Amino acid sequence: MNGSPSTDQLTRPMVDPFGRTIRYLRVSVTDRCDLRCFYCMSEDMTFLPKKDLLTLEELDRLCSAFIAKGVRKIRLTGGEPLVRRNVMTLVRSLSRHLGTGALDELTLTTNGSQLARFAGELRDCGIRRVNVSLDTLDAQKFRAITRWGDLDKVLAGIEAARDAGLAVKINAVALKNMNEEEIPSLMEWAHGKGMALTLIEVMPMGEIGEGRIDQYVPLSLLRARLAQHYTLTDLDENTGGPARYVRVAETGGKLGFITPMTHNFCESCNRVRITCTGTLHTCLGHEDASDLRKPLRASADDDLLSAAIDRAIGLKPKGHDFIIDRRHNRPSVSRHMSVTGG
Ligand code: SAM
Ligand code: SF4
């Protein structure tokens with residue numbers, strides 16, 4: 001077929017070869033971070049040259065193209081999204097899609113270190129919920145995990161977000177011999193403040209200067225331990241995401257489990273990811289990558305971009321390739337989590 005694509009082609013919902021409609025876009029706005037969590041990055045990470053990054057205007061155009069093609073939810077992530085210079089310009093411009101009803105939700109995942117500064121403005125821009133990653137409430141352990149982070153700053157960020165009226169969900173990566181014993185108290189703390197807690201299994205992404213086997217603890221084990229002291233009732237709700245939730249009778253709170261290693265959730269995956277250089281990854285656990293920067297820059301209209309997105313969605317893999325065991329103590333996927341933002 002010759003000529004320009006029809007509006008229908010530019011706006012047709014994205015359905016992958018396994019019948020999954022793509023409604024959720026995660027956008028890593030920077031690969032940089034003000035922390036160096038040991039399971040995410042090596043201490044001496046090499047970051048992308050700034051010249052390789054899409055501008056905020058280009059990121060907006062890219063996100064808007066996905067919205068035109070049926071994306072209803074966008075999560076900004078990183079690296080640390082709040083360290084990207086002028087990131088609020090992007091948040092504010094994307095929030096127009098909330099105003100028109102084209103987008104149901106704009107949200108972000110953050111380490112919380114800059115939240116105190118931005119919470120009010122985020123709320124102003126129509127953000128209603130944020131996920132804050134926090135693996136421990138012990139200041140020394142926090143420093144050990146993040147290599148130099150300040151727990152008090154994150155706690156202040158969480159309070160500022162709550163004061164601004166944002167719902168906060170806490171995400172914690174379960175780490176062997178590090179925070180596994182602390183999970184009950186972390187949960188009690190979060191639930192005591194009305195915040196859900198989601199536990200995440202460590203995933204073998206990127207070279208971090210050590211093997212994963214020493215970090216990995218299966219959540220099935222932690223769940224069994226929690227069940228000895230708490231009444232956990234499975235919740236039926238399907239958020240379309242990878243988390244499975246339980247209600248904890250004793251606290252009244254919600255506890256989620258993201259278990260890529262012990263339970264594969266790919267069959268209902270409705271999401272894709274773009275990086276700050278405009279690379280599209282249709283699966284977190286695969287090496288697949290499609291360059292969208294080139295078609296984005298090649299033309300002022302979105303025909304080439306839309307066609308490139310369609311081609312990539314047409315290749316979305318059925319599921320991920322994660323393995324951690326003694327024989328596979330190497331990254332399953334070479335890129336770091338900070339490239340795609342989890
Ligand atoms: N900097 C922000 C933060 O920490 O929330 C956003 C980006 S961070 C890469 C997103 C999430 O990925 C965090 O909850 C982090 O704990 C998690 N993460 C990083 N590396 C991981 C890994 N190898 N396995 C599992 N989760 C990981
Ligand atoms: Fe930074 Fe988030 Fe990775 Fe920690 S998990 S190093 S806060 S990007």
Side-chain angles (χ1 to χ4, degrees), residues 26-45 47-48 75-84 87 107-115 118 129-136 141-151 153-154 157-158 161 168-176 178-179 186 190 196-219 241-243 256-262 265 271 273 275-276 281 284-285 320 322-324 329-342:
R26 298 176 67 110
V27 186
S28 175
V29 298
T30 175
D31 64 328
R32 289 168 194 252
C33 188
D34 51 351
L35 303 180
R36 292 286 182 283
C37 303
F38 73 91
Y39 54 80
C40 177
M41 296 186 179
S42 64
E43 191 162 7
D44 56 346
M45 276 295 278
F47 294 107
L48 292 163
R75 176 177 298 279
L76 304 180
T77 171
E80 173 47 41
L82 297 179
V83 303
R84 170 95 195 231
V87 69
T107 182
L108 87 160
T109 297
T110 170
N111 64 26
S113 66
Q114 312 292 321
L115 252 186
F118 291 114
R129 302 190 296 170
V130 292
N131 288 357
V132 179
S133 305
L134 178 61
D135 304 323
T136 179
K141 274 190 187 169
F142 185 79
R143 192 162 286 263
I145 291 172
T146 60
R147 292 201 177 97
W148 55 65
D150 178 357
L151 176 66
K153 251 174 119 179
V154 174
I158 291 171
V168 177
K169 179 163 82 69
I170 303 293
N171 285 339
V173 176
L175 299 162
K176 195 159 148 184
M178 182 56 89
N179 66 355
L186 191 59
L197 170 71
T198 297
L199 303 174
I200 306 173
E201 279 174 351
V202 84
M203 297 172 225
M205 298 189 63
E207 197 53 74
I208 50 164
E210 58 180 284
R212 294 288 180 182
I213 198 99
D214 301 325
Q215 305 175 350
Y216 172 61
V217 45
L219 290 187
F257 298 89
I258 299 186
T259 54
M261 307 308 300
T262 52
F265 43 69
R271 61 190 59 194
R273 295 168 167 83
T275 70
C276 56
H281 296 288
L284 183 62
H320 65 61
F322 292 137
I323 312 176
I324 300 178
N329 204 12
R330 304 271 318 141
S332 296
V333 176
S334 61
R335 59 177 190 269
H336 290 87
M337 192 68 109
S338 50
V339 173
T340 43

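Everything numeric here is computed off the predicted structure, so don't read it as measured data. As the structure lists them, so they are numbered: ligands from 1, and atoms in each ligand from 1.
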Quick note on ligand 1: atoms under 4.0 Å from a heavy atom of V173 include exactly 16 (O), 26 (N)
From the list V29, T77, L82, V87, side-chain contact (heavy atoms from CB on, under 4.5 Å) partner of L108 resolves to L82
* Asked: Are any of the heavy atoms in G79 under 4.0 Å away from ligand 1?
  -> yes
Margin query: Using side-chain heavy atoms (C-beta onward) and a distance below 4.5 Å, is T275 in contact with H281?
Written below: yes
V202 heavy atoms within 4.0 Å reach ligand 1 at atoms 24 (N), 25 (C)
* **Sub-3.5 Å N/O-N/O distance, D135 and ligand 1** => no
S28 and R273 side chains, donor-acceptor separation under 3.5 Å: no
One finds that the ligand 1 atoms under 4.0 Å from a non-hydrogen atom of C40 are 19 (C), 20 (N)
For this session: Look at ligand 2 and say whether G79 reaches it with a heavy atom at a distance under 4.0 Å.
Result: yes
- Query: Is there a side-chain contact between K169 and T198 (heavy atoms, below 4.5 Å)?
  - Reply: yes
Within 4.0 Å of some non-hydrogen atom of S133, the atoms of ligand 1 are 3 (C), 4 (O), 5 (O), 13 (C), 14 (O)
- Non-hydrogen atom of E201 closer than 4.0 Å to ligand 1: yes
The reported gap from CD1 in I258 to CG in L219 (rounded to nearest 0.5 angstrom) is 9.0 Å
At under 4.0 Å between heavy atoms, what of T110 touches ligand 1? The answer is backbone
Strictly under 2.8 Å, is any N, O or S atom of C40 next to atom 3 (Fe) of ligand 2?
yes
- request: Please indicate whether any nitrogen or oxygen in M203 is less than 3.5 Å from any nitrogen or oxygen in ligand 1.
  value: yes
When rounded to the nearest 0.5 Å, the distance separating CE of M41 from OG1 of T146 is 11.5 Å
Indicate yes or no: at least one non-hydrogen side-chain atom of M178 is less than 4.5 angstrom from one of F38. yes
Numbered in order shown, the ligand 1 atoms found under 4.0 Å of a heavy atom of N111 are 2 (C), 3 (C), 4 (O), 5 (O)
Between L35 and E80, is the side chain to side chain contact (heavy atoms under 4.5 Å, CB included) condition met? List the steps. CA-CA 8 Å; L35 303 180; E80 173 47 41; over 6 Å; no
When rounded to the nearest 0.5 Å, the distance separating CG of L76 from OG1 of T109 is 9.0 Å
Checking heavy atoms under 4.0 Å, the part of T77 that sits near ligand 1 is side chain
Checking heavy atoms under 4.0 Å, the part of C37 that sits near ligand 2 is both
